[in-house]
Amino acid sequence: MAREKLDDKIKRGKAIIRLLRKHYPGARTSLSHETVHQLMVATILSAQCTDERVNMVTPPLFAKYRSIESFADADLDELARDIFTTGFHNSKAKSIRNSARALLEQHGGEVPRTLDELTKLPGVGRKTASVILGNAWGIAEGIVVDTHVGRLSRRLGFTTEKNPIKVEQDLMKIIPRKDWIDLSHMLILHGRSLCPARRPDCASCFLSKLCPSSR
DNA sequence: CTCCCGATAT
DNA sequence: ATATCAGGAG
């Protein structure tokens, strides 16, 4: 079977985006937060953890640590206990405290607005940086590729890559920039509902006709 | 590449 | 018992 041409992938991508928009209108992050810095903390906590669990931890966390300064001054062991149930608590505690310190020492207490500056913050990688840019300011420098976006991009035939950066590069060729932010939100919602890692429900999926993995 | 790591579904 | 969840650092 011949490999699908890029032009055909782009057309299929448009059709898929259209259907996703219809089924997931107003898709947005499900990470609860009030400020951009809180979004940053919640996103750091979301690594290898469900958003649902992050949202159980953050309300009391943000009630206790009310400012960037408060996180910067936090006792590491105590902070680790406060976020314990999200997993990776020791490394996440370091990331949260040290990134807060970096914001105060190098960015005047503001969260920077470029991928380059964000990814230099301790504990903030490319995916976390893109989440912040997209959700806080609607900036699409890149595409958020998390476990869901990677999996669905492969199932939908947009890429064969496993490395998130390579997946992102393939998506950027196929999807128009104006759709980058919404695409990730919608693929994540779709991944949680109909297209999870284990038992995708192709029978009831509205994308099945456009999906090469559908059975 | 390995390590960090708890909660949940299967 | 095992796979999976809005990853990042060494």
Side-chain angles (χ1 to χ4, degrees), chain A residues 20 24 26-33 36-58 60-61 76-103 111-112 115-156 161-168 171 175 179-201:
Chain A
L20 285 170
Y24 306 111
R28 211 183 131 50
T29 182
S30 56
L31 260 17
S32 47
H33 63 281
V36 177
H37 179 251
Q38 287 182 353
L39 172 63
M40 184 173 122
V41 172
T43 310
I44 289 172
L45 290 175
S46 71
Q48 295 296 292
C49 178
T50 60
D51 284 12
E52 192 181 353
R53 175 143 303 277
V54 174
N55 288 338
M56 294 182 208
V57 168
T58 46
L61 185 73
L76 268 189
D77 290 329
E78 185 178 351
L79 181 54
R81 286 196 294 276
D82 293 331
I83 62 172
F84 183 79
T85 60
T86 65
F88 298 149
H89 45 279
N90 288 316
S91 51
K92 285 176 181 175
K94 277 183 199 166
S95 296
I96 290 169
R97 190 194 67 178
N98 294 342
S99 59
R101 290 184 175 179
L103 289 182
V111 178
L115 255 185
D116 201 48
E117 291 174 292
L118 282 166
T119 50
K120 283 175 184 160
L121 297 172
V124 178
R126 189 173 176 89
K127 176 255 165 184
T128 298
S130 283
V131 168
I132 295 167
L133 288 178
N135 286 293
W137 303 296
I139 299 171
E141 269 194 62
I143 300 178
V144 172
V145 177
D146 69 341
T147 168
H148 293 296
V149 175
R151 181 181 68 252
L152 268 68
S153 295
R154 285 186 288 277
R155 284 182 178 166
L156 287 166
E161 300 288 351
K162 194 172 177 182
N163 182 314
I165 293 182
K166 291 182 178 175
V167 173
E168 183 177 358
L171 286 175
I175 307 297
D179 294 322
W180 286 2
I181 294 172
D182 291 341
L183 175 75
S184 297
H185 288 142
M186 296 189 295
L187 288 184
I188 288 163
L189 286 177
H190 197 59
R192 285 184 191 147
S193 54
L194 289 175
C195 197
R198 290 189 178 185
R199 222 161 46 85
D201 187 2

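This is a predicted model, so every value here is computed, not measured.
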Looking at NZ of A:K127 and CD1 of A:I132, how far apart are the two atoms once the value is rounded to the nearest 0.5 Å?
->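 It is 9.5 Å, given to the nearest 0.5 Å.
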
Give, for atom CE of A:M40 and atom CD1 of A:I96, the distance between the pair rounded to the nearest 0.5 Å.
->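 That separation rounds to 8.5 Å.
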
Mind checking [X] for me? I need base, sugar-phosphate or nothing, with any heavy atom below 4.0 Å counting as a touch.
| X | answer |
| --- | --- |
| A:V124 | sugar-phosphate |
| A:G87 | base |
| A:L121 | sugar-phosphate |
| A:H89 | sugar-phosphate |
| A:T86 | nothing |

Nearest nucleotide by nearest heavy atom, which residue falls closer to the 5' end of DNA chain B, A:S91 or A:M56?
->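 Closest to the 5' end, via its nearest nucleotide, is A:S91.
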
Between C:dA6 and B:dC4, how far is it from one P atom to the other, in whole Å?
->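 Their P atoms lie roughly 23 Å apart.
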
When you compare C:dA3 with B:dT2, how far apart are their P atoms, in angstrom units rounded to a whole number?
->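 That atom pair is separated by 15 Å.
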
To the nearest Å, how far apart are [X] [atom1] and [N] [atom2]?
| X | N | atom1 | atom2 | value |
| --- | --- | --- | --- | --- |
| A:L45 | C:dC5 | CG | P | 18 Å |
| A:K162 | C:dG7 | NZ | P | 15 Å |
| A:N98 | C:dA9 | CG | C1' | 12 Å |
| A:Q48 | C:dA3 | CD | C1' | 11 Å |
| A:N55 | B:dT8 | CG | P | 14 Å |
| A:W180 | C:dA6 | CH2 | C1' | 19 Å |
| A:K92 | B:dG6 | NZ | C1' | 9 Å |
| A:D201 | B:dT10 | CG | P | 12 Å |

Taking side chain as C-beta onward, heavy atoms only, is A:N90 less than 4.5 Å from A:K94?
->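 Counting from C-beta outward, A:N90 and A:K94 never come under 4.5 Å.
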
Quick one: does A:L45's side chain get under 4.5 Å of A:L61's, heavy atoms only?
->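 With C-beta onward as the side chain, the pair touches.
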
Tell me which of A:T119 and A:V144 sits closer to the 5' end of DNA chain C, going by the nucleotide each one is nearest to.
->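 The 5'-side residue here is A:V144.
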
Closest-nucleotide ordering on DNA chain C, the 5'-leading residue of A:G123 and A:D51 |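 In this pair, the answer is A:D51.
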
If we ignore hydrogens and angles and just use 3.5 Å, is the side chain of [X] paired with the main-chain N or O of [Y] as donor and acceptor?
| X | Y | result |
| --- | --- | --- |
| A:K92 | A:G87 | yes |
| A:E168 | A:I143 | yes |
| A:R151 | A:C195 | yes |

Looking at the side chain of A:F88, which of C:dA6, C:dC5, B:dC5 is the nearest nucleotide?
->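 Closest nucleotide to the A:F88 side chain: B:dC5.
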
To the side chain of A:A47, which of B:dG6, C:dG7, C:dT4 is closest?
->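 Nearest to the side-chain atoms of A:A47, counting from C-beta on, is C:dG7.
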
Examine [N]: is either OP1 or OP2 under 4.0 Å from a nitrogen or oxygen in the side chain of [X]? Give yes or no.
| X | N | result |
| --- | --- | --- |
| A:R126 | C:dG7 | no |
| A:T128 | C:dG8 | yes |
| A:T147 | C:dC5 | yes |
| A:R151 | C:dC5 | yes |
| A:R53 | C:dC5 | no |

Do the side chain of A:S30 and the base of C:dA6 come within less than 3.5 angstrom through a donor-acceptor pair of N or O atoms?
->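 Donor-acceptor pair under 3.5 Å: no.
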
Kindly indicate whether the side chain of A:R198 and the base of C:dA3 share any N or O donor-acceptor pair separated by less than 3.5 Å?
->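 Side chain to base: pair found, below 3.5 Å.
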
